[in-house]
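So that the names make sense, note that chain A is the first sequence line, chain B the second, and so on, each numbered from 1.
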Number of protein chains: 2
Amino acid sequence: MSSVNETSGTELTPPIERIPAAERREQILAAASVVFGERGYSGATTDQVARAAGISQPYVVRMFGTKENLFLEVLARALDRLITGFRQIIAEPRERGDDEIELLSARLGAAYVDLIEDRGILLSLMQAFISGHNPVIGAKARAGFLEIYRMMRDEAGFPPEEIRGFLAEGMLFNTLLAIRLPDVYDDDEAAAELMRCAFRGKLDVVLSATAAAPAEHAGTQTPQQ
Amino acid sequence: MSSVNETSGTELTPPIERIPAAERREQILAAASVVFGERGYSGATTDQVARAAGISQPYVVRMFGTKENLFLEVLARALDRLITGFRQIIAEPRERGDDEIELLSARLGAAYVDLIEDRGILLSLMQAFISGHNPVIGAKARAGFLEIYRMMRDEAGFPPEEIRGFLAEGMLFNTLLAIRLPDVYDDDEAAAELMRCAFRGKLDVVLSATAAAPAEHAGTQTPQQ
DNA sequence: GTCTATATAGGGATAGAC
DNA sequence: GTCTATCCCTATATAGAC
């Protein structure tokens, strides 16, 4: 009963995937978005992020310095996706008219919901918003939220009332996702009714995006939080 | 340089405040609501709760079994305050008419905002909503959210669209609090504008309730998260 | 009813090899 | 570019005295 892997002394080092740092960075950020989105800043561990990214825990820390810094980059990435997406839509040519704002609002709303495809974006954003107590994360989250407000006001020309309604719908959307309403769509009539009302034509998008909790590898599964 | 407190061997045991368990329980729950509301389930420690309640950390655990159980009781308490408050308003006699729903909605909204006085209620609720990933906490949070939905539908007679709007406003309200917008009311014009628009006549209530971060004792201050 | 002391595990971060 | 080994602090929970 000697130690494992002694069969031959001449094997080369195991095939560790070496990929460019920039690419690895994005991999980690994508994985971290999901993990932080689910468990929050404090609830997530750098080890969970590492596993999700398929690398070792120290490497995650090595690449981002600290867990806090990693979270800040996740937040910045999420805000960038959101803001960039919105700016594109705002920049699209559109005819002026009475329902101009409403039309644009609907487009932005649809784009927002579509962000759900990029797993983790919306939830990690929400997790950041809820971390207002943390001086550094809180400040960035606040600044990001206000940037969105200003963009809608100054670039899209929305009146405050309209923005308020839009943001409110967004926060409800985030909350319904965070609370995992889609998980009980089939079992709870109230949940189904609320979701149909809140998601409208995007219901199918939401349901398919939130279905299938990816089981990763069947092997060493972290035994939940 | 002998040890402290040796001046007299005849002093009585230090004045440890002994109060009834039920009362202590409520003290701890109130303190825990604030701490969990600020830092979330994972971000808060039982020691922080204990300090806030003015007792020892092991006593907190002793009384509630586990941190998770403590959080569940905080959540139950918050839901109870909310639901009880709403039920009272719904039960109030009111004349039937076209604007019946809108009037009731406004009253419920005002009551919701007033919950801010009970520090921690709204934020710990929000922290629970965002913890959907945790099997046990998530289940309770989801159930609580749906209970509110059903109450508004079945007891208050709201149509789904109306409930959706109401809940959306509530989630926006929670988010603005969580993100600590009131802290920058004087320094950021966009923040001020959004808050005036979102809080309306309740702006003063919100501002005064969120002002003055209580500095506790000036002495041994926990060096932040 | 409440505390002190402490066992014990978990997790962020560092050192250094390859 | 990536890993293994490991340090060390923090935090939950338990034991048991008063």
*Asks:* State whether the number of non-hydrogen atoms from other residues, nucleotides or ligands found under 6.0 Å of Glu17(B) atom CD is greater than 12.
*Replies:* no
*Asks:* Rounded to the Å, how far apart are Ile16(A) CD1 and dG1(D) P?
*Replies:* 14 Å
*Asks:* CD of Gln27(A) versus C1' of dT2(D): gap in Å, rounded?
*Replies:* 13 Å
*Asks:* Ignoring hydrogens and geometry, is there a side-chain-to-backbone donor-acceptor pair from Ser208(A) to Val205(A) under 3.5 Å?
*Replies:* yes
*Asks:* Considering only dG16(D), dC3(C), dT2(D), which nucleotide approaches the side chain of Ile55(B) most closely?
*Replies:* dC3(C)
*Asks:* Just how far, in rounded Å, is P of dG12(C) from CZ of Phe64(A)?
*Replies:* 15 Å
*Asks:* Rounded to whole angstrom units, what separation is found between the CD atom of Glu17(B) and the P atom of dT2(C)?
*Replies:* 9 Å
*Asks:* To the nearest Å, give me how far apart OH (Tyr59(A)) and P (dA15(C)) are.
*Replies:* 18 Å
*Asks:* Could you check how far CD1 of Ile28(A) sits from C1' of dG1(D), rounded to whole Å?
*Replies:* 11 Å
*Asks:* How many whole angstroms separate atom CZ of Arg51(A) from atom C1' of dG11(C)?
*Replies:* 12 Å
*Asks:* Got a list of side-chain donor-acceptor pairs under 3.5 Å for residues 144-151 of chain B, not counting sequence neighbours?
*Replies:*
residue: Tyr149(B); atom: OH; partner: Glu193(A); partner atom: OE1; Å: 2.7
residue: Arg150(B); atom: NH2; partner: Asp188(A); partner atom: OD1; Å: 2.9
residue: Arg150(B); atom: NH2; partner: Asp188(A); partner atom: OD2; Å: 2.7

*Asks:* Mind calculating the distance between CZ (Arg39(A)) and C1' (dG11(C)) to the nearest angstrom?
*Replies:* 13 Å
*Asks:* Which residues pass the salt bridge (Lys or Arg N to Asp or Glu O under 4.0 Å) test with Asp114(B), not counting sequence neighbours?
*Replies:* Lys202(B)
*Asks:* Quick check on side-chain hydrogen bond (donor to acceptor under 3.5 Å, both in side chains): which of Thr45(A), Asp47(A), Thr46(A) does Gln57(A) satisfy it with?
*Replies:* Thr46(A)
*Asks:* Please determine whether a side-chain nitrogen of the Lys or Arg among Glu73(B) and Lys140(B) lies less than 4.0 Å from a carboxylate oxygen of the Asp or Glu.
*Replies:* no
*Asks:* What does nucleotides 6-13 of chain D look like as a protein-contact string, B for base, S for sugar-phosphate only, - for none, at under 4.0 angstrom between heavy atoms?
*Replies:* -----SBB
*Asks:* With a 4.0 Å cutoff (strictly under), does any side-chain N or O of Arg62(B) reach OP1 or OP2 of dG1(C)?
*Replies:* no
